[in-house]
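Structure first, then comments.
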Amino acid sequence: MVEFDVKKIELKWQKEWEKQKVFEIDVAKGKKKYSIVEMYPYPSGSGLHMGHAFNYTLGDILARYKTMQGYQVLHPMGFDSFGLPAENAAIKAKSHPALFTNAAIENFIRQQKALGLSYDWRRMVQSHDPAYYRWNQYLFLQLYKKGLIYRKHSPVNWCPDCETVLANEQVHQGMCWRHTATSIVIKNLEQWFIKTTQYADELLSGVEALDWPERIKIMQRNWIGKSEGSEVQFMIGNKSWPVFTTRIDTLFGVTFLVVSAQHAKLMDLVTPAQNKEVFAFLKTLKGTSEKTDFTLEKEGVFTGSYAQHPITGAQIPIWAGNFVVADYGSGMVMGVPAHDARDFAFAQKYRIPITHVVKPAHGTSSSTQAYLAEGILCDSGSFTGLTSADARKQITAFLQKKKLARFVTNYKLRDWLVSRQRYWGTPIPMVYCADCGIVPISENDLPVLLPEKVTFGEGNPLATNKAFVETKCPDCGKKARRETDTMDTFFDSSWYYLRYCDAQNTKKPFDGKQVDYWLHVDFYTGGAEHACMHLIYARFFTKALRDMKLLSFDEPFLKLFNQGMVHGEDGVVMSKSRGNTVDPLTMTQEYGADALRFFLVSMAGPDKDFVWSSTGLESIAGFISKVYARSTELRFGKSSPLVQHKVHKAILSVTEAIEQMKYNQATIILRETLSVFEGDVAKEDFALYVQLLAPFCPHLAEELWSRLGNKKLIATSPWPVADTSKITPAFDIAEQAVEKTVSDIMNVLRLVKEKTGDEGEQVYVYTLPKELAQYDAGALTKRVGKPVTVCAVNDPKKHDPQGKASKAKPGKPALFVE
RNA sequence: GCGAGGGUAGCAAAGCGGUCAAAUGCGAAAGACUCAAAAUCUUUUGGCUUAGUGCCUUCGGAGGUUCGAAUCCUCUCCCUCGCACCA
């Protein structure tokens, strides 16, 4: 085995790429482009983890492949460098988040470069850089002007660990997305919101055409949660309360109303007589979390009030209940126990009458449970006999004339709460003036720099810096107070991919022409955890900016790819807390970047989870050295047609595998194809093989390419195109015949040994004359471990004491062992 | 509960109507090389059988479609991940 210095070679080519600026790609009119973006990472102090390495390798293989195919490839990297971890680390260490962040980024870049990733570093984006976040502020102001940002007082999610409010998307099952053991507390606060709901319908309908994993699309649809129904007005006293329902066909079955126990106007409905009881009930409610446990028993208390049924005029008791969501619809629902499981349970518990108003078209419904399906209306006045679907239209239309109902579409999606009570983020460019109210900073005065000195632990950190807070009103010039909240870091990540197109622009966030050339992103990779956060926000931004005429397309990411998770050797997803992580940098140093890259994509399909295997990586490292060794052993001459056949077949298969994101299949072909290069082969054919290797093992490929005498880099060499005239199926058939013969020989040897105890000294293979060339005695000898003689059946000089040669058939030579 | 994705030989993972007892890798066993080991190379790795053949049982389980199924359909069990009282 020829030893070669992996580290030295890798470093050498990394430097060469940098020197020749091969990955610094600019707009080239008329040339096709391809944009590959991997979700930019939060630069954590612990550096790159294996999941990053995997993700970036996937993108890099594609980027290098597309580059070789002649595309202008946009392949940038950036850092989501604002955020809580750095701030918290700084507080703990009595230091500054910027120090942590800059060190972490430096570390990330070093590791990324060590992996041989083909980034255009000129395009790097760092969200904590004023050169970037000033455009956050700029875009914030644009959205504000468009009426897409507003401030309102409402119940909001507050995480006691983060010490800030959170967006709905950041609350998972009532817990903070960062602190999975911390329950969210609902607080009534005034906050900044982005009107994502304005695009709810387009965000939903746009999902359809996206080339995204189905599950992500489903998650987005669920999150947006479109629901079509009717809003019915119930008179309560002299006031009218809207109630949303998708089943207005069951209106005649309403026997009670339930208002959310968390509803702000609950007490308006409570009569003095019921006051005590309601308060007692509210006390029993655990916490005030909006999202409660599904299994929680439905409980309620009578408020003392009654509503008037909009059609029958009947008096309907109003209850307060723990199972009604306060801020969906109007926070009040109609109780139709006969046709809703929850209402049924509630009515049974509190002995509320149950009135059946829908029956199945055929047969009868049970009285011991709610009949949930649609059917034919009964006991519903003039609507009796209608189907549920017809009744919904007619009842709504009937009430609409009296202004008591209308068709309504509701969404689960809420406006995005975007302000945060933390330091390490983009300052919101707003000023509060006693006279003028809320006043935006002038665009000319951007950026509003994040002040360096603040005191932590006393509420909003920015509020502790007097010089920052005290300012003048941009309108009237009088003393005014700056907003001390910062932006959710998801604001930063909502448009960073746009900035990649024109990262150094100091005049505007990005140039339209640049963006038009590069985007949309053709291939976006990242984890599935962003399905209902970043990926919703980014889509919203694209649509909002399009309507501001800053963009000319509707969707940022046409194709989304979710890479699998890397599991530790114990089978559990790699995590620091589990202690089963493997450090990419260490692996790179030990086995080389090429080996790590090749290994990462060889284990399974890129979208599948896979388990780390140290023996697997070692074996890949062995393969890498073998390729190198082989290259030094080759005598270049002329390739046999068989070699050409195999090389060109490999070109076809590897190309197809890459196109289909089946990198694991590509690695198998690459490993198998190496054995083709033995003895006398054409330099050009080996060169083709090295090119196929290039996206996966760029350093090794570059080294071999240059040793083959190429002056230019393999990275920019044209991707091989298979010459199908050199692919001859007969070779495959012949090869199968040889395989079969090998196994036949082994079989016979075994049998001979069993029967006679004889090991077998010499193997004779008798082929049909025209097949003689297919069987190479040397190769067979090596395969079976015994001397093999091959001759044609019509060879007069053949040694054939038992006359076995006559058994030879096409594709199946005769054998004799002695 | 709803939804999505899975269940393939010791492990991992391809295959997704015939060319499938099922690629490839790891692991294991044997042989070559070596004083020996490592590395490397070769072979074997469901079962039974046979001078190179043939048969049987397999791709979570049970049925079905088909001349033919790991591959298609139905039902069922298990796993993983999302969503979860949205009226």
Side-chain angles (χ1 to χ4, degrees), chain A residues 1 172-174 213-219 221-223 225-227 229 243-248 250 258 260 290-298 321-336 339-343 345-346 410-413 528-529 531-532 565 567 571 573 599 602-605 607-620 622-623 625-626 629 662 664-665 667-669 671-672 675 732-733 736 740-752 754-756 759-760 781-786 802 804 807 812-817:
Chain A
M1 177 66 52
H172 296 162
Q173 277 144 36
E214 197 52 36
R215 64 189 181 119
I216 304 292
K217 290 166 76 165
I218 289 166
M219 283 162 78
R221 286 194 198 105
N222 289 344
W223 187 257
K226 183 175 182 171
S227 162
V243 171
F244 178 74
T245 178
T246 54
R247 289 299 302 275
I248 200 171
T250 64
V258 190
S260 168
E290 177 193 344
K291 311 273 182 192
T292 44
D293 192 347
F294 178 73
T295 55
L296 191 76
E297 172 134 24
K298 285 153 196 47
N322 64 347
F323 63 98
V324 177
V325 179
D327 61 346
Y328 181 76
S330 62
M332 187 187 283
V333 301
M334 40 185 241
V336 187
H339 305 292
D340 182 279
R342 295 157 300 186
D343 297 347
F346 194 80
N410 253 330
Y411 295 92
K412 283 205 281 187
L413 182 76
E529 67 274 15
C532 294
M565 306 257 264
H567 296 236
V573 176
F599 167 75
S602 72
M603 288 303 283
D607 57 332
K608 297 262 174 42
D609 289 8
F610 70 92
V611 178
W612 182 263
S613 157
S614 48
T615 51
L617 177 59
E618 275 171 37
S619 135
I620 299 291
F623 166 70
S625 349
K626 206 159 83 180
K662 293 181 177 176
N664 53 329
Q665 293 300 305
T667 63
I668 289 170
I669 297 155
R671 292 183 75 158
E672 286 175 344
S675 63
D732 293 327
I733 295 163
Q736 277 168 28
K740 183 75 180 144
T741 302
V742 168
S743 96
D744 283 348
I745 294 171
M746 298 310 293
N747 212 352
V748 173
L749 284 170
R750 203 192 81 238
L751 290 165
V752 167
E754 273 174 20
K755 285 249 163 102
T756 65
E759 289 282 348
T781 300
K782 194 176 168 193
R783 293 286 297 275
V784 306
K786 299 275 181 232
Q802 294 187 11
K804 296 279 187 195
K807 285 193 170 183
K812 191 171 171 62
L815 304 178
F816 174 61
V817 173

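Residue numbers begin at 1 in each chain, while the letters A, B, ... track the order of the sequences.
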### Query
Can you check the A:Glu529 CD to B:C83 P distance for me, whole Å?
12 Å
## Note on the structure
On a heavy-atom basis, the closest approach of A:Met565 and A:Val573 is CE-CG1, 3.8 Å
## Note on the structure
For A:Val336 and A:Asp343 the tightest heavy-atom approach is N-OD2, 2.8 Å
### Message
So, does A:Tyr328 get its side chain near the phosphate of B:A87, meaning an N or O under 4.0 Å from OP1 or OP2?
### Response
yes
### Message
For a quick check of understanding: with a heavy-atom distance under 4.0 Å over all strands, which category does A:Val324 fall into, base, sugar-phosphate or nothing?
### Response
base
### Query
Distance from A:Asp744 atom CG to A:Leu749 atom CG, nearest 0.5 Å?
11.0 Å
### Task
May I ask you to say what A:Ala814 touches in the nucleic acid, namely base, sugar-phosphate or nothing, with a heavy-atom cut-off under 4.0 Å?
base
### Nearest heavy atoms of A:Ala528 and A:Arg215, plus distance in Å
CB-NH2, 3.4 Å
### Message
Can you measure A:Asn322 atom CG to B:C85 atom P for me and round it to whole angstrom units?
### Response
12 Å
### Query
Taking only N and O in the side chain of A:Lys786, is any of them less than 4.0 Å away from OP1 or OP2 of B:U42?
no
### Length of the NZ-C1' vector between A:Lys740 and B:U43, whole Å
16 Å
### Query
Looking at A:Arg215, does any N or O in its side chain come under 4.0 Å of the phosphate oxygens OP1/OP2 on B:C81?
no
### Task
Could you tell me whether A:Leu815 contacts a base, only the sugar-phosphate backbone, or nothing, with contacts defined as non-hydrogen atoms closer than 4.0 Å?
base
### Query
Taking only N and O in the side chain of A:Ser619, is any of them less than 4.0 Å away from OP1 or OP2 of B:C26?
yes
### Query
Between B:C2 atom C1' and A:Trp223 atom CH2, what is the distance in whole Å?
17 Å
### Task
Looking at every strand, decide which applies to A:Lys412 at a 4.0 Å heavy-atom threshold: base, sugar-phosphate, or nothing.
base
### Task
Give none if B:C59 has no partner; otherwise give the nucleotide forming a Watson-Crick or G-U wobble pair with it, both distances under 3.5 Å.
none
### Query
Which heavy-atom pair separates A:Ser260 from A:Val324 by the least distance, and what is that distance?
OG-O, 2.9 Å
### Query
Rounding to a whole Å, what distance do you find between A:Asp343:CG and B:C86:P?
10 Å
### Query
Taking any strand in view, what nucleotide pairs with B:A36 in a Watson-Crick or G-U wobble way, both distances under 3.5 Å?
none
### Message
In this structure, how many angstroms lie between the C1' atom of B:C41 and the NZ atom of A:Lys626, rounded?
### Response
9 Å
### Message
Working to the nearest 0.5 angstrom, can you tell me the gap between A:Lys786 NZ and A:Met746 CE?
### Response
8.5 Å
### Query
What distance, rounded to whole Å, do you find between the two P atoms, one in B:G54 and one in B:C20?
15 Å
### Summary
Out of B:C85, B:U43, B:C26, minimum distance to the side chain of A:Phe323 belongs to B:C85
### Task
Could you tell me whether A:Thr246 contacts a base, only the sugar-phosphate backbone, or nothing, with contacts defined as non-hydrogen atoms closer than 4.0 Å?
sugar-phosphate
### Query
Using atom C1' of each nucleotide, how far apart are B:A23 and B:G31 to the nearest Å?
25 Å
Polar-atom pairs under 3.5 Å, protein N or O versus N or O of nucleotides 11-15 of chain B: list them with distances, or write none.
residue	atom	partner	partner atom	Å
B:A14	OP1	A:Gly605	N	3.3
B:A14	O2'	A:Gln665	OE1	3.3
B:A14	O2'	A:Gln665	NE2	2.9
B:G15	OP1	A:Lys662	NZ	3.3

### Message
Can you measure A:Phe623 atom CZ to B:C26 atom C1' for me and round it to whole angstrom units?
### Response
16 Å
### Message
Using Watson-Crick or G-U wobble geometry with both distances under 3.5 Å, which nucleotide pairs with B:A21?
### Response
none
### Which atom of A:Thr246 lies closest to which atom of A:Ser227, heavy atoms considered
CG2-OG, 3.4 Å
### Partner nucleotide, any strand, of B:G27 [Watson-Crick/G-U, under 3.5 Å]
B:U45
### Task
Have a look at A:Val817 and say if it touches a base, only the backbone sugar-phosphate, or nothing, with a 4.0 Å heavy-atom cut-off.
base
### Query
Is B:U80 paired to anything, Watson-Crick or G-U wobble with both distances less than 3.5 Å, and if yes, which nucleotide?
B:A4
### Query
What does A:Glu672 touch in the nucleic acid at a heavy-atom separation under 4.0 angstrom: a base, only the sugar-phosphate, or nothing?
sugar-phosphate
### Rounded distance (Å) that lies between atom P of B:U43 and atom NZ of A:Lys782
9 Å
### Query
At under 4.0 Å between heavy atoms, what does A:Asp340 touch on the DNA or RNA strands: base, sugar-phosphate, or nothing?
nothing
### Query
Should B:A87 form a Watson-Crick or G-U wobble pair with both distances under 3.5 Å, which nucleotide is its partner?
none
### Task
For the side chain of A:Ser227, starting at C-beta, report the closest nucleotide among B:G52, B:G82, B:A87.
B:A87
### Message
Taking the nucleotide of RNA chain B with the nearest heavy atom to each, does A:Gly616 or A:Gly329 sit closer to the 5' end?
### Response
A:Gly616
### Task
Report yes if the side chains of A:Val325 and A:Val333 come closer than 4.5 Å at any heavy-atom pair, otherwise no.
no
### Task
In whole angstrom, give me the gap between the C1' atoms of B:G60 and B:G6.
11 Å
### Query
What's the spacing between A:Trp612 CH2 and A:Phe599 CZ if we round to 0.5 Å?
5.0 Å
